[in-house]
Amino acid sequence: MTRDVDAVRGSFSSKFGIIAAAAGSAIGLGNIWRFPYVLGESGGGAFLLVYLLFVLSIGIPVMLSEFIIGRSTQMNPYGAFKKLAPRQPWFIVGIMGVIAAFMILAFYGAVGGWTLEYFFKSVVNQFSGKSSNEISQIFEGFRSNSYRPLLWQVVFMGLTFLIVVAGIEKGIEKYSKILMPILLILLIIIAIRSVSLPSFSEKLNPGAGLKFLFKPDFSKLNAKVIFDALGQSFFSLSIGMGALITYGSYIRKNDNLGSSAMIISLSDTFIAVLAGIAIFPAVFALGFDPQSGEGLVFKILPAIFQNMHGGYYISILFFICLSVAALTSSISLLEVVVTTFVEEFKITRRKASIIAASLITILGAICALSWYTFKGFGIDTLDESTGQMVHFNFFMILDYIALKFLLPIGGLFIVIYLGWFHGKKNVMKELSNQGVLKVGYYHLFMFLVRFVAPVAIAIVFLNETGLLKLG
Ligand code: PFF
């Protein structure tokens with residue numbers, strides 16, 4: 001039976017296959033682009049602390065729950081819930097997941113496009129001899145260009161489409177196996193350089209960046225920091241929308257789900273923290289503002305490369321690896337939509353990929369041009385902390401809705417389902433591979449999915465909406 005399913009739907013060729021593929025989904029722009037800029041805007045070390053707590057108490061349990069649901073049903077998220085709980089509204093989780101994938105991939109494709117542009121800029125050595133200020137201007141100039149962000153977004157989406165059409169095995173494993181380790185080594189090299197950069201100002205403490213990252217300033221801890229950390233942890237781990245239900249359906253019956261979820265979550269978190277170590281010392285040493293928003297890493301990294309031996313080559317290699325890391329994540333997003341379309345509408349993979357990729361690319365075009373053509377398209381709100389009006393463009397709105405609402409709410413339902421409705425025996429069967437493996441962490445896991453994770457997510461929401469006031 002297992003064999004048949006594997007033969008029809010395909011499964012990963014080895015344990016390393018699923019870990020590499022799911023880690024490929026998790027590790028991407030979320031770690032290297034989004035984590036540093038959100039941390040910079042939202043509390044520094046205090047954010048990091050809350051983030052780590054969320055990964056351990058909510059992230060890992062949600063990831064493991066998705067693997068269990070995916071492998072036991074062998075279906076897309078929507079179909080999985082239809083199969084597990086027929087005539088009950090759980091399938092809405094699957095629908096929310098597809099909507100989240102649409103939204104996330106729309107803006108993710110735009111940032112993937114920025115990465116490609118930066119690969120190109122590295123090749124033509126555009127940053128050579130430029131000051132920090134000029135490097136920042138280059139980013140702003142590019143982002144508000146009339147066509148370049150769109151051009152690269154389309155290229156990025158085209159690549160995502162081609163890999164997904166080619167099929168899951170061939171598409172994913174090949175790339176992540178070689179390039180992820182290189183990305184890791186490059187990040188370590190960049191971190192070492194960042195930490196050792198001489199400070200632009202005599203007055204500045206040399207450890208300012210590391211202190212900002214690792215020393216929590218609890219006076220900065222507020223509802224926004226906690227809400228940001230929750231959304232970021234879900235986004236970075238690729239959880240809450242069924243991407244890992246889809247990947248879970250490709251995991252072989254004798255792979256260990258618990259250790260896989262642990263390895264993937266911890267490596268994802270390690271890479272994010274490493275990106276922080278690569279970015280923040282340089283932010284302070286080179287006189288950048290940690291609150292530079294979405295442009296933060298695209299401004300800092302070229303500045304660091306300018307201060308490095310072999311920076312020209314390292315920069316090229318880095319942006320190639322980052323593009324591939326972004327692709328291994330974007331394909332998992334597209335995969336959610338495509339697998340659902342194929343299985344639910346009974347259309348071919350090719351057709352499903354064309355429809356999904358085209359629609360998302362159109363939505364993404366608005367994101368890519370959110371600093372030019374669609375600049376005024378958005379919402380103006382009052383930032384309570386500064387008392388100033390801020391403009392949320394389309395890109396930011398999609399990011400906000402998906403990360404702050406769809407993913408955590410999806411995750412909430414996933415753990416509630418698993419903890420309270422899936423049945424303890426079924427959970428145990430899946431975790432132990434039908435009784436083969438010992439599951440020493442079973443009680444801890446059940447406690448986390450039944451109580452800790454749902455309550456924590458609910459508290460964060462109540463706190464954010466002001467219904468509950470923490471501290
Ligand atoms: N986790 C990816 C990243 O950190 O870049 C982004 C992502 C992929 C989010 C897949 C959600 C998802 F389903």
Side-chain angles (χ1 to χ4, degrees), residues 20-39 51 54-55 59-60 62-63 66-67 70 76-78 93-94 96-115 156 160 163-164 168 172 176 179-180 183 187 229-249 261 264-276 294 297 321-340 356 360 364 398-399 401-411 414:
S25 167
I27 297 167
L29 295 169
N31 309 61
I32 290 159
W33 157 73
R34 202 173 184 285
F35 177 82
Y37 102 68
V38 177
L39 184 139
Y51 181 84
F54 283 159
V55 169
I60 296 176
V62 175
M63 183 180 285
E66 291 202 19
F67 281 164
N76 68 79
Y78 174 84
V93 178
M96 272 174 38
V98 171
I99 298 173
F102 256 85
M103 292 186 164
I104 295 177
L105 189 49
F107 74 81
Y108 205 85
V111 185
W114 298 355
T115 315
F156 183 85
T160 305
I163 300 171
V164 169
I168 195 150
I172 300 167
S176 34
L179 286 150
M180 291 289 147
L183 181 66
L187 270 179
L230 185 73
Q232 175 62 25
S233 64
F234 272 71
F235 178 68
S236 190
L237 295 172
S238 298
I239 54 176
M241 50 168 277
L244 298 183
I245 293 184
T246 311
Y247 274 27
S249 73
I264 295 159
S265 305
L266 295 183
S267 13
D268 183 73
T269 307
F270 176 73
I271 297 279
V273 175
L274 191 57
E294 303 87 5
V297 298
C321 292
L322 186 58
S323 305
V324 173
L327 280 169
T328 54
S329 302
S330 64
I331 52 186
S332 72
L333 286 157
L334 188 56
E335 195 64 53
V336 171
V337 184
V338 168
T339 318
T340 309
I360 295 170
L398 290 193
D399 172 306
I401 298 174
L403 272 65
K404 301 286 172 55
F405 294 95
L406 296 177
L407 299 188
I409 293 173
I414 289 169

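Note that ligands are numbered from 1 as they come in the structure, with each ligand's atoms numbered from 1 the same way.
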When rounded to the nearest 0.5 angstrom, what distance separates [atom1] in [X] from [atom2] in [Y]?
{"X": "Phe67", "Y": "Ser249", "atom1": "CZ", "atom2": "OG", "value": "10.5 Å"}
{"X": "Ile271", "Y": "Leu183", "atom1": "CD1", "atom2": "CG", "value": "6.0 Å"}
{"X": "Ile60", "Y": "Leu237", "atom1": "CD1", "atom2": "CG", "value": "8.0 Å"}

Is there a side-chain contact between [X] and [Y] (heavy atoms, below 4.5 Å)?
{"X": "Thr328", "Y": "Met180", "value": "yes"}
{"X": "Leu29", "Y": "Arg34", "value": "no"}
{"X": "Asn76", "Y": "Ile245", "value": "no"}

Ligand 1 polar-atom proximity to protein (N/O, under 3.5 Å):
| unit_1 | atom_1 | unit_2 | atom_2 | d |
| --- | --- | --- | --- | --- |
| ligand 1 | 1 (N) | Ser25 | O | 3.2 |
| ligand 1 | 1 (N) | Ala26 | O | 3.0 |
| ligand 1 | 1 (N) | Phe235 | O | 2.7 |
| ligand 1 | 1 (N) | Ser236 | O | 3.0 |
| ligand 1 | 1 (N) | Ser238 | OG | 2.9 |
| ligand 1 | 4 (O) | Ala26 | O | 2.8 |
| ligand 1 | 4 (O) | Gly30 | N | 3.3 |
| ligand 1 | 4 (O) | Asn31 | OD1 | 3.4 |
| ligand 1 | 5 (O) | Leu29 | N | 3.1 |
| ligand 1 | 5 (O) | Gly30 | N | 2.8 |
| ligand 1 | 5 (O) | Tyr108 | OH | 2.5 |

